[in-house]
Structure formats: C-alpha cells, structure tokens
There are 2 protein chains.
Amino acid sequence: MTKRALLQDDHPCRDCSVSTESLCCALDADALSDFRNQGGTICLAAGEPLFHQGDLADCVFSVTSGVVKLNAILPDGRRQVVTFLFPGDFVGLEMNDRHEFSAEAVSDTRLCRFLKGRFERFADRYPALAAARYRRAASELASAHQKIVMLGRKTAAERLASFLTDVHRRIGTAEVSGAKLVPLPMSRGDIADYLGLTKETVSREFTRLRTSRIIRPRSVTLVEILDPQRMRELAFGIAA
Amino acid sequence: MTKRALLQDDHPCRDCSVSTESLCCALDADALSDFRNQGGTICLAAGEPLFHQGDLADCVFSVTSGVVKLNAILPDGRRQVVTFLFPGDFVGLEMNDRHEFSAEAVSDTRLCRFLKGRFERFADRYPALAAARYRRAASELASAHQKIVMLGRKTAAERLASFLTDVHRRIGTAEVSGAKLVPLPMSRGDIADYLGLTKETVSREFTRLRTSRIIRPRSVTLVEILDPQRMRELAFGIAA
DNA sequence: ATCGAGGCTTGATCTACATCATTCCCGCAG
DNA sequence: CTGCGGGAATGATGTAGATCAAGCCTCGAT
C-alpha cells in the first residue's frame with residue numbers, strides 16, 4: 001500500500017513522493033495544511049551543503065528525493081560519513097542546539113523543511129505525529145547500531161557487501177526480470193569515508209567482487225548484483 | 001536540580017535514583033502509579049543476561065543502577081559491544097519485534113521493566129512521556145553517531161581516550177579535590193570489543209596513557225585522570 | 001576530434017594493530 | 001603463608017589495509 005493511497009484526494013502532501021513512513025501520514029488534511037507550509041521546500045544541487053557543523057539547529061528536514069550525506073571532520077582532516085540519508089529519511093532529528101555534523105547533497109536533492117519549535121508543538125498535539133517521529137528515530141538508531149558492528153568488526157570486503165546490500169534495500173530496483181540494480185550516486189571517496197576505509201581499498205574490493213562474479217558494474221554509478229546469496233553471506237560475515 | 005526536587009512528595013518514583021532525564025518525570029503521581037507497577041523491577045548479578053539476540057522484544061527497560069552492555073556476535077564469533085548502558089539509560093528502545101542484540105549485566109544491576117504495548121498507550125495519552133521518550137532516543141542516536149566517527153576514523157589511543165572521557169561523563173566522580181576518577185566495571189575484553197580493538201591493544205594503550213602521565217590507574221577497575229586537557233585533545237583527535 | 005582535469009583503478013611498499021605466546025599480578029581457598 | 005586460577009600486561013611476529021605513486025578512463029570544454 002503506497003502512501004498515496006492513505007491520503008485523501010485533497011491532502012496537501014498527496015504529491016509527496018516519499019514512502020508510507022513519512023510523518024505527514026500521521027496528520028489529517030486540516031492539521032497538515034496548517035503544519036506543512038511553515039518551512040517550505042529546499043532544492044540542492046549535488047555537492048551543495050545543507051548546513052555545517054556548528055550551525056544553529058532550528059530546523060528538521062525530510063528528504064523527498066535525492067541523497068544527503070552527514071559528514072564528520074576531525075581537526076586534522078580525517079573524514080567520516082556518519083550516514084547517507086535517502087528519500088523518507090529525516091535530517092536533524094538530534095536534539096542539540098547546534099549541528100554536530102555537516103550535511104551535504106550527494107545528488108540533486110529536494111527536502112521539506114520544518115521549524116523545530118513548531119514541530120514540537122504539533123507533536124504534543126498530535127500523538128500520531130509524535131509516534132511517527134519516534135519510530136523514525138528508533139529506526140535510525142537501529143541502523144546506527146548495525147553500522148557500529150560493521151565498523152568495529154567487519155573486514156573491508158564485508159563492509160562493502162553490507163553497504164551494497166543496504167543501499168539496494170533503500171533505493172535499489174526490485175528483482176524484476178532477475179536484475180538487482182544498485183545505484184551509487186556517491187563517489188568512491190564518499191563510500192570509503194562511510195565504511196571507514198580508503199578509496200583505494202574500496203576500489204580494490206569492488207574489483208574483487210567483480211572478479212568473484214558477485215557483482216557486475218554497469219557503470220561507476222550503477223552495479224548489478226549477480227549473486228545476492230553470496231552477497232548477503234559476505235555482508236553478515238559468514239563467508240570464509 | 002535533582003529529579004527528586006521535581007517530584008511531589010507522594011510520587012511513587014520519588015526514591016528512584018536515576019537522573020532528571022528519567023521518563024517518570026514526565027508523568028504526574030496519578031498517571032505514574034497507574035503506569036509503573038506493570039513490569040516490576042529486575043535485579044541482575046554481574047554477568048547475567050537480560051535477553052538474547054532473537055528474543056521477543058516486548059519490554060523496555062530502564063537502568064536504575066549498575067551497567068549493562070549490548071552485545072553483537074558475528075557467526076564466526078567476532079564480538080562487538082554496541083553500547084554500554086548506564087543509570088538513566090533505556091534498553092530496548094528499538095521498534096523491532098525481536099532483539100537484534102543480546103543484553104548482559106556488566107556489574108550488579110537493577111532495572112525497571114515496562115511492557116511495550118502499555119508504554120505505547122501511555123505515550124499516546126501523555127505527550128510529555130512521548131517527548132521524553134523521543135529525547136532519549138535522539139540522545140542515544142547522537143552518541144551512536146559519535147561512536148561511528150570513533151570506530152571509523154580514530155586510532156587506538158584516541159578510541160581509549162574517547163571511551164574514558166565518555167565513561168567519566170556518565171559515571172565518573174566530579175572534580176572534587178582535583179581528582180577525576182573513572183570507574184571501569186567492565187573487563188579489558190569488553191572495552192576492546194566496545195572500541196573495535198583487541199584486549200592486548202587496549203592494555204598497551206592503557207600503559208601508554210600511564211607512562212605519558214595522562215592517567216594513573218588506582219586499580220584495574222578505577223583510573224584517575226591526571227591531565228584532563230591532554231585527554232580531551234587525544235579523544236577529539238587533536239594530539240600529534 | 002583533441003585536450004585536460006578529476007575521479008577511478010592498479011601496483012609497490014609501509015605500518016598500526018592483530019595474533020600468538022609468555023609472564024605477571026592479585027584475589028582467594030586451603 | 002602458599003599455591004592456584006583467571007584476568008591483565010608484555011613481547012615477538014604476522015597481516016589487512018593505509019600510504020605513496022603511477023597510469024587510465026570519462027566526460028565536458030574548446
């Protein structure tokens with residue numbers, strides 16, 4: 001069941017492309033029309049920043065299309081991509097006054113902006129909205145925990161397999177006609193910084209997956225998963 | 001301001017030792033007395049499990065004293081401590097039906113148990129409870145993000161410094177008479193599995209911190225921070 | 001068509017941390 | 001006090017992945 005189906009015809013988010021998980025589903029048309037047009041929509045070209053480490057965090061954003069990365073930078077320049085955010089994800093759920101990390105569009109991106117204070121008041125008034133927001137945060141927490149396991153204990157090959165599996169789950173094409181396609185809008189450097197590796201290692205692991213016939217790169221930004229079974233085993237740390 | 005000060009004299013959680021952050025503060029005495037005695041209290045000796053990977057996740061727990069660890073185990077035995085939970089923290093905030101990780105008492109521990117379904121209904125009825133729960137999840141998410149940076153990009157020395165800083169913030173003694181003491185109820189192996197290292201490396205880094213006069217171990221389970229400044233610099237990745 | 005720049009891949013070497021192997025320490029039972 | 005057992009520390013060696021250094025596509029500008 002798509003989100004579209006859940007909304008009345010005159011629902012102002014009817015044309016919003018994000019999934020059922022979207023917070024807007026938690027509100028009826030009247031409440032929503034009051035709620036939504038407070039922050040407006042934001043469009044970013046690939047590479048454009050949404051905010052920087054240290055900026056005032058008075059807004060929450062919902063990604064409606066494109067991909068955003070959350071970036072941490074250590075004083076000496078080491079970089080860690082904390083998370084990639086896909087359509088349906090929220091940016092800025094943390095409750096700090098200032099952003100701990102910077103956010104940047106990976107590909108051309110559209111977002112909905114919500115003022116935090118207003119969000120709070122609506123959450124108090126509409127339990128369904130509060131519940132949806134909580135569910136989002138809990139699910140972000142669950143994937144952060146998975147990522148901790150990956151960074152703490154998995155090998156380079158396992159990390160890349162986990163990554164491809166995750167991205168496929170989030171924005172990959174379904175198994176129509178047997179082809180599992182994974183778009184990779186981010187650079188190898190971004191993937192490396194996400195996996196806690198270097199771009200050289202990521203590159204090498206890509207070619208290992210290719211020569212093992214587990215993936216077939218259609219281009220730099222699109223890979224086909226040839227052997228989902230072995231891919232999953234690698235991702236979970238089962239393979240030899 | 002302590003939590004105690006916020007609660008009426010007849011508040012049933014008046015004697016609960018956890019901080020202001022506790023969810024109970026979000027409820028008045030009547031609502032709370034209805035709410036609390038549904039799950040009861042749990043006492044665990046050091047080493048006892050609270051639940052296992054795969055168990056039905058129908059409860060949420062609040063740590064009131066002691067320390068709990070969340071454990072991930074890969075098929076071949078590699079282990080990752082996803083997080084340590086200190087008094088005031090919640091266990092099982094994730095929304096999955098089954099636990100992704102196992103939970104085990106590190107030291108003798110007391111917890112409050114809440115039934116998830118009941119929790120949900122109360123959250124819908126009391127916005128303040130929902131908000132407090134959300135704040136908890138958001139703060140867990142923020143520290144998970146910090147941990148991702150640590151595991152992805154910090155050196156062994158930096159990881160240990162980060163860890164000691166964090167533990168001090170959570171359960172260390174204040175700077176009375178200049179002595180910053182950090183209790184370490186968990187084993188070196190647990191610390192290693194938390195930091196994505198081996199116990200040998202953790203041990204070596206402890207002695208390096210000692211020989212650099214940054215810490216002075218009072219015993220295996222209690223260290224004094226001699227140079228908080230350099231400690232913090234190390235933790236943030238500033239040191240050479 | 002040609003050039004150039006930036007990102008990707010591949011190769012050679014280096015190193016931080018893992019692994020394997022003792023030894024040490026300390027609490028505890030006798 | 002003495003001997004024992006398990007965690008912690010230390011030492012010797014191995015290795016996954018980092019770093020350094022070329023080449024090599026790809027695509028857009030000329």
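Sequence lines set the chain letters: A, B, ... in the order given, protein chains first and strands last, and positions in each chain run from 1.
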Nearest whole Å is fine: how far is C:dC8 P from A:L184 CG? 11 Å
At the 4.0 Å heavy-atom cut-off to chain B, mark where contacts on DNA chain D begin and end, going 5' to 3'. D:dA8 to D:dA12
Tell me if the aromatic rings of A:F84 and A:Y194 count as close, with their centers under 6.0 Å from one another. yes
Of A:V220 and B:F206, the one whose closest DNA chain D nucleotide lies more 5': B:F206
Could you tell me whether the side chains of A:K154 and A:S162 share a donor-acceptor contact shorter than 3.5 Å? yes
Any A:R208 side-chain nitrogen or oxygen under 4.0 Å from OP1 or OP2 of C:dT9: no
A:M186 has an atom CE; how far is it from atom C1' of C:dG7, in whole Å? 16 Å
Any side-chain heavy atom of B:R113 sitting closer than 4.5 Å to one from B:T41? no
Protein-proximity profile, nucleotides 17-22 of chain C, B/S/- by nucleotide at the 4.0 Å heavy-atom cutoff, equals SSBB--
To the nearest Å, how far apart are A:L209 CG and C:dT9 P? 12 Å
With B:P185 as partner, the option from B:V106, B:D190, B:T221 fulfilling side chain to side chain contact (heavy atoms under 4.5 Å, CB included) is B:V106
Salt bridge (charged side-chain N to carboxylate O under 4.0 Å, His left out) involving A:D97 - partner list, sequence neighbours excluded: none
Between atom NZ in A:K199 and atom P in C:dT9, what is the gap in whole Å? 11 Å
For a quick test of reading the model, state the closest non-hydrogen atom pair linking B:A179 to B:R218 and the distance between them. CB-NH2, 4.4 Å
State, to 0.1 Å, how close A:V91 and A:A103 come at their nearest heavy-atom pair, and which atoms those are. CG1-CB, 4.4 Å
Pi-cation contact, A:Y134 with B:R133 (under 6.0 Å, within 45°): yes
